Amino acid sequence: MIDLKALRENPDRFIDGARKKGVAVDIARLLALDAERRELGARQEALRAEQNRLSKEIGPKLGQLTGKLKSASGDDKAAIEAEVAEIKAAPARLKEDIQALEQRIASLEPEFNEILLRVPLPPDADVPVGTSSDDNVEIRRWAPNGWDFGKSFEANRGFKPRTHIELCEMHGLVDFPRGVKIAGSRSYILTGDGMRLHQAVLRFALDFMTNENGFRPLSVPVLVREEAMTGTGFFPAGRDQAYQINEADRGGGYDMFLTGTGEVGLMGLHQDEILDEATLPLRYVTVSTCFRREAGAAGKDTAGLYRIHQFDKVEQVVIDVADESKSRAHHRDMIGFVETLLQRLELPYRLLQCCTGDLGVKNADMVDIECWMPGRGEPDANGVPSGAFGETHSASRLYDYQCRRLNMRYRPGGETGKGPTTFCYSLNNTVAASPRILIPILEMHQNADGSVTIPEPLRPYMNGQARIG
RNA sequence: GGAGAGGUGGCAGAGCGGUUGAAUGCGCCGGAUUCGAAAUCCGGUUGGGCCUCCGGGUCCACGGGGGUUCGAAUCCCCCCCUCUCCGCCA
């Protein structure tokens with residue numbers, strides 16, 4: 001959620017930001033509703049003040065009169081009753097007016113909130129303007145010794161690559177047909193070394209973040225309430241991407257949602273808290289199963305392990321004070337962790353600065369990391385794929401957009417600080433999402449005979465095994 | 001799944017229709033005392049919205065929402081959450 005005060009002071013910044021992101025949102029309407037809301041609110045508040053003042057006067061008077069009423073009779077009684085009625089009349093009128101205003105304000109609320117939640121965080125000034133992922137800008141790329149991006153896989157390695165699908169089939173790493181039988185399209189079952197490799201990557205990534213980078217490992221709920229989805233900024237915009245568990249209609253009270261990332265649980269952790277500044281920055285990592293409907297992606301990446309409804313992901317988040325330079329520094333760090341991890345796995349990758357059109361509502365800045373996947377891309381005349389980059393990581397900077405929604409604050413100046421409570425800044429980044437990352441691992445480390453060399457760092461997690469096949 | 005109890009400030013815990021945003025204790029902060037500290041004493045100590053001539057004004061919030069009432073932390077209804085016992089169970 002954006003800062004309403006900032007919007008009032010500088011609407012153009014948000015109008016411009018929404019335009020750059022390609023988000024259609026009627027900010028003029030929002031401002032009009034806001035003005036009306038405040039105007040009505042001010043009038044209501046004045047009436048309430050009057051009502052409160054009268055109540056304080058009336059109490060004792062009423063007490064006296066009801067006392068008299070007990071001993072009174074005849075004309076006296078009637079006179080007192082009339083006086084009581086008169087005293088009650090003024091506040092009663094106020095009450096009617098207040099309630100009328102209350103109703104008018106309430107009638108504005110749904111539209112107001114609907115628009116407010118959809119106003120995107122403006123992109124940072126240094127984010128390239130663009131309309132889609134085609135306009136993303138490459139920052140840099142890296143490849144291990146012996147790999148030249150300028151040459152084909154065959155030219156690099158001396159043999160034609162097999163796709164991960166072929167490799168999985170060859171070594172019995174995944175059972176796609178039975179996955180589909182059980183759970184429908186985009187489902188799979190990791191089998192044997194496939195499952196072992198999957199677990200090895202996840203555990204390696206978690207240990208790397210925990211042991212080497214000082215992140216605190218946490219488990220998170222993946223089945224959450226709607227508030228957690230809205231608070232973390234995934235709703236309402238991404239509502240159609242989340243699986244909804246229908247509990248309300250079967251007497252469960254309320255519906256639940258399956259999370260598409262561990263970010264929801266990690267960020268929801270400190271919802272509604274005022275954090276001690278001394279504890280910041282918070283660095284959390286989790287591994288969780290992620291669920292995505294992939295609505296709107298019908299027919300896209302239907303084969304293999306690339307685009308699937310359920311996967312596991314090691315996710316990192318950082319929560320810190322409201323400071324842009326720190327936010328940028330954390331971003332660099334978090335990207336650096338991933339680069340180190342990919343380099344240890346000897347996977348070629350590139351960093352992409354996402355353009356404004358590719359940021360989504362909640363990010364001010366986002367860098368995607370794509371690994372080289374030899375099995376992707378258009379096949380040539382001989383049916384050998386060209387290879388292509390495929391997104392494996394996404395590092396976001398959100399400023400206070402998310403923490404504002406989550407109501408996560410700190411008080412500058414520490415425990416004894418007198419500063420105003422301030423919304424924290426948050427960031428998140430993938431560490432490793434599997435099985436998608438198995439694609440470059442299998443395809444890049446395949447040998448001429450189809451066997452796959454297991455990258456060194458994963459071997460301890462596979463009982464020392466050095467190759468598959 | 002059945003039966004019951006309860007949700008009040010950082011914590012503990014009063015209040016159960018009328019200046020109660022809330023007693024009291026603990027904690028915390030400031031000050032006094034002290035060579036210093038402990039103890040003691042004094043004072044302070046929730047969050048948010050709106051308006052502001054920046055002095056301040058005003059409203060909201062006692063799990064959440066609605067209702068009754070001139071007036072609700074206190075009464076009523078719905079929801080959420082926690083705890084205890086029984087049943088079931090990884």
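Not measured: the values here are computed from a predicted model. Chain naming here is simple, since letters A, B, ... match the order of the sequence lines and numbering starts at 1 in each.
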Fill in: Interatomic distance at C1', B/U20 relative to B/A73, whole Å
9 Å
Worksheet entry | Nucleotide paired to B/U84 in any strand shown, Watson-Crick or G-U, under 3.5 Å | B/A3
Item to complete: Identify whether the distance between the nearest side-chain nitrogen and carboxylate oxygen of A/Asp323 and A/Lys326 falls below 4.0 Å.
Response: no
Item to complete: Could you tell me whether the phosphate oxygens of B/C59, OP1 or OP2, come under 4.0 Å of any side-chain nitrogen or oxygen in A/Arg38?
Response: no
Worksheet item: Using the C1' atom in both, what is the distance from B/G44 to B/G49, to the nearest Å?
Response: 25 Å
Worksheet, complete the sentence: Applying the 3.5 Å cut-off to both distances, the Watson-Crick or G-U partner of B/A90 turns out to be none
Discussion item. Taking pairing as Watson-Crick or G-U wobble with both contacts under 3.5 Å, can you name the mate of B/U45, or confirm there isn't one?
Written reply: B/G27
Worksheet item: Counting only Watson-Crick or G-U wobble pairs whose two distances fall under 3.5 Å, which nucleotide matches B/C35?
Response: none
Worksheet, complete the sentence: As its Watson-Crick or G-U partner within any shown strand, both distances under 3.5 Å, B/G9 has none
Discussion item. At 4.0 Å (heavy atoms only), tell me whether A/Arg409 reaches a base, stays on the sugar-phosphate, or touches nothing.
Written reply: sugar-phosphate
Item to complete: Specify the separation, in whole Å, of atom CG of A/Asp97 and atom P of B/C59.
Response: 17 Å
Fill in: Between B/U84 and B/G13 - P atom distance, rounded Å
15 Å
Practice prompt. Could you please name the partner base of B/A14, counting Watson-Crick and G-U wobble pairs only when both distances are under 3.5 Å?
Written response: none
Discussion item. Could you identify the nucleotide paired to B/A72, looking across every strand shown and requiring Watson-Crick or G-U wobble geometry with both distances under 3.5 Å?
Written reply: none
Worksheet item: Would one find a side-chain N or O of A/Arg48 under 4.0 angstrom from OP1 or OP2 of B/U58?
Response: no
Discussion item. Any side-chain N or O of A/Tyr254 below 4.0 angstrom from OP1/OP2 of B/C78?
Written reply: no
Worksheet item: NA contact type, A/Arg43, heavy-atom cut-off 4.0 Å: base, sugar-phosphate, or nothing?
Response: nothing
Practice prompt. Would you please classify the geometry between the A/His309 ring and the A/Tyr243 ring as parallel, tilted or perpendicular, with 30° and 60° separating the classes?
Written response: perpendicular
Practice prompt. Examine distances only and state if a side-chain atom of A/Lys362 and a backbone atom of A/Met1 form a donor-acceptor pair shorter than 3.5 Å.
Written response: no
Fill in: Anti or syn - B/G64, cut at 90° from 0
anti
Item to complete: State whether A/Asn52 places a side-chain N or O below 4.0 Å from either non-bridging phosphate oxygen (OP1 or OP2) of B/C70.
Response: no
Discussion item. Between the side chains of A/Lys5 and A/Glu9, is the shortest nitrogen-to-carboxylate-oxygen separation below 4.0 Å, so that they form an ion pair?
Written reply: no
Worksheet item: Is it true that a side-chain atom of A/Arg292 and a backbone atom of A/Gly260 form a donor plus acceptor pair closer than 3.5 Å?
Response: yes
